[in-house]
Protein chains: 2
Amino acid sequence: MKPSTEPCTARGEQRRSQILDAATGCFAREGFHGTSIATISKAAAMSTGHIYHFFASKEAIIAALIERKLAQSLELVSHFENAEDVFQAMLERVDQGLQERTDPAQAALELEILAEAARNPRVAALVREADAIRRERLMGVVRSARQNRTSRDTGNTSDKEDDSAAVTEVVIALFEGLTARAVNNPTLERTALAQLLRQVLRALL
Amino acid sequence: MKPSTEPCTARGEQRRSQILDAATGCFAREGFHGTSIATISKAAAMSTGHIYHFFASKEAIIAALIERKLAQSLELVSHFENAEDVFQAMLERVDQGLQERTDPAQAALELEILAEAARNPRVAALVREADAIRRERLMGVVRSARQNRTSRDTGNTSDKEDDSAAVTEVVIALFEGLTARAVNNPTLERTALAQLLRQVLRALL
DNA sequence: ATGATGAGATTGAACGATCACTCTAGACTG
DNA sequence: CAGTCTAGAGTGATCGTTCAATCTCATCAT
């Protein structure tokens, strides 16, 4: 049932967050299909039946969790959009991005979401809609970074065809690939990698 | 018909392949945990019980399938190792690599394996061992490509510290990231992307 | 040639466990 | 006391796995 009254919403929203927080850990540890409602309810310190007062189904929990995570991922883009020197801001975020993407729990959840999106049309629609927005805005960031860079060097900002879309794709692919690397290579040398990532950004932008 | 000298091994190996082939499609479509033995048995055109004569458990099927896929992925490295002009060979494989990595079924299975590796220690051990080998050999390829490139331009092959390990990581991350991009962005512009990927390789090597 | 034989190939019903989900009844609050 | 929150046993379905029964067919004695 949908809680529609006002006081219900406040407490309800807190309970929803409580469930999503618990589910995040469970899903990262055991996957969407490996995690039972009983496991989530135990982690959230409530009964199985109670969970169904806030989410219609297990898939609704997964969808809400994914939506929350996707919304958070847009904050990074906002940070770049609001930065004074966009290019410099991107260079400075490399370390943090590398750290986050190679965190085992975050990497596991990210891969779980992608794997689910690859086979579940509803999840696919979610992540693709969010990606389209993020991609569009990130392309704007890339374009502005490049304009700043080229105008600083040559004073010429407009030339030939614009491959900013492809550059954006490559940058995203590079960082999303780090998630895969974290799983495949736990001995990853982060310092040297971060340095090289910045070098690639300088070459691309 | 097959000679009866070793009917057990020959026929058994064929049946194993038959099961693995069927399972590959099922797993890509519904995931490891979303696929039942009944589904696999139907796809492989045999009974559920019969499958257990060739694999001890469902996890054994998953492990065998992953091992087979990992072994196949080493063929690409061999191709580079045997190439006359390593750098040129890498450039020429960009298109095929992009095509393979953005194939929906292959991408789904790849992500499924990574997600499973992120939470299942046995699968993690499999993929990490394979990755260590592939990484080591690919680093040799990268090093030889770079030596050829620098010696061709300047005649100087040895200088400063070697970041070939980091370059190898970045190259792998870039292509593994394409798998994620294929899921996130079905409208991916492959032509422009391939061109830019080659440009990145030229900058890195 | 042929029927008997038996070992491996193959089946699918059966089983216990576990799952997502429901429902009824008790606890709490204002 | 009225209405909401909460609990946890119950339900039917499905899962991985097992196993006893059946089928297939190369081999060999006749």
Side-chain angles (χ1 to χ4, degrees), chain A residues 1-24 26-27 29-66 112 116 119-120 122-123, chain B residues 1-24 26-27 29-66 112 116 119-120 122-123:
Chain A
M1 290 305 174
K2 298 284 182 180
S4 49
T5 65
E6 289 305 327
C8 193
T9 311
R11 190 172 183 82
E13 203 53 43
Q14 183 208 330
R15 283 271 186 254
R16 276 179 63 98
S17 282
Q18 180 181 345
I19 293 170
L20 290 183
D21 291 341
T24 300
C26 296
F27 287 153
R29 222 174 304 116
E30 314 183 57
F32 291 146
H33 295 89
T35 302
S36 67
I37 297 291
T39 303
I40 297 176
S41 71
K42 198 170 290 186
M46 63 178 69
S47 69
T48 63
H50 200 198
I51 287 186
Y52 284 89
H53 281 110
F54 303 100
F55 294 97
S57 65
K58 185 181 174 181
E59 186 171 343
I61 300 178
I62 296 173
L65 186 139
I66 292 177
E112 191 66 30
E116 185 66 20
R119 69 179 101 94
N120 183 335
R122 274 191 285 262
V123 172
Chain B
M1 289 303 161
K2 299 285 180 182
S4 59
T5 56
E6 46 187 12
C8 207
T9 313
R11 191 169 184 84
E13 202 55 41
Q14 181 207 333
R15 282 271 186 255
R16 276 179 63 98
S17 282
Q18 180 181 346
I19 293 170
L20 290 183
D21 291 342
T24 300
C26 296
F27 287 151
R29 221 174 305 114
E30 314 182 56
F32 290 147
H33 299 286
T35 303
S36 67
I37 296 291
T39 303
I40 297 176
S41 73
K42 198 170 291 184
M46 62 179 67
S47 68
T48 62
H50 199 199
I51 287 186
Y52 284 88
H53 280 107
F54 302 100
F55 295 97
S57 65
K58 185 181 175 182
E59 187 172 340
I61 300 178
I62 296 174
L65 186 139
I66 292 177
E112 191 64 31
E116 185 66 19
R119 69 178 101 94
N120 184 332
R122 274 191 284 263
V123 173

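Lettering of chains follows the sequences in order, A, B, ..., and the numbering in each one begins at 1.
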**Message:** I need the CD1-P distance between B:I19 and C:dT11, as an integer number of Å.
**Reply:** 11 Å
**Asked** Starting at CZ of A:F54 and ending at P of C:dA20, how long is that distance when rounded to a whole Å?
**Response** 19 Å
**Request:** Using side chain to side chain contact (heavy atoms under 4.5 Å, CB included) as the criterion, point out the one residue from B:I66, B:T39, B:I61 that pairs with B:F27.
**Result:** B:I61
**Asked** Within the pair B:R15 and C:dT10, is there a side-chain N or O less than 4.0 Å away from OP1 or OP2?
**Response** yes
**Message:** Just the rounded figure in Å: distance from C1' of D:dG3 to NE2 of A:H53.
**Reply:** 13 Å
**Prompt:** If you check the A:T48 side chain, which of D:dA9, D:dA7, D:dT18 turns out closest?
**Reply:** D:dA9
**Item:** Distance, nearest 0.5 Å, that separates CD1 of A:I19 from OG1 of A:T24
**Value:** 11.5 Å
**Asked** A:I37 side chain: which of C:dA20, C:dT11, D:dA7 is closest?
**Response** C:dA20
**Message:** As a test of reading the structure: which of D:dG16, C:dA20, D:dT6 is closest to the side chain of A:S36, going by heavy atoms?
**Reply:** C:dA20
**Complete:** Contacts of A:E59 and B:G49 projected onto DNA chain C by closest heavy atom; the upstream (5') one is B:G49
**Item:** A:E112 (side chain) donor-acceptor with A:G31 (main chain) under 3.5 angstrom
**Value:** no
**Message:** What contact category does B:T39 fall into here, base, sugar-phosphate, or nothing, at under 4.0 angstrom with non-hydrogen atoms?
**Reply:** nothing
**Prompt:** Starting at CZ of B:R16 and ending at C1' of C:dA9, how long is that distance when rounded to a whole Å?
**Reply:** 17 Å
**Asked** Quick one: B:I51 CD1 to D:dC19 P, roughly how many Å, whole number?
**Response** 18 Å
**Asked** Can you tell me how far P of D:dT14 sits from CD1 of B:I40, to the nearest Å?
**Response** 17 Å
**Prompt:** Taking CE from A:M46 and P from D:dT4, how many angstroms apart are they, rounded to a whole number?
**Reply:** 19 Å
**Prompt:** Rounded to the Å, how far apart are A:F55 CZ and C:dA20 P?
**Reply:** 15 Å
**Asked** Measuring from A:F55:CZ to A:R15:CZ, what's the distance to the nearest 0.5 Å?
**Response** 12.5 Å
**Asked** Heavy atoms under 4.0 Å, any strand shown: does B:S41 hit a base, just sugar-phosphate, or nothing?
**Response** nothing
**Asked** Quick one: CD1 on A:I51 to OG on A:S41, what's the gap to the nearest 0.5 Å?
**Response** 5.0 Å
**Request:** Give the nucleotide from the list C:dT11, C:dA20, D:dT6 with an atom nearest to the side chain of A:Y52.
**Result:** C:dA20
**Asked** Using a cut-off of less than 4.0 Å, is there contact between a side-chain N or O of B:H50 and OP1 or OP2 of C:dT11?
**Response** yes
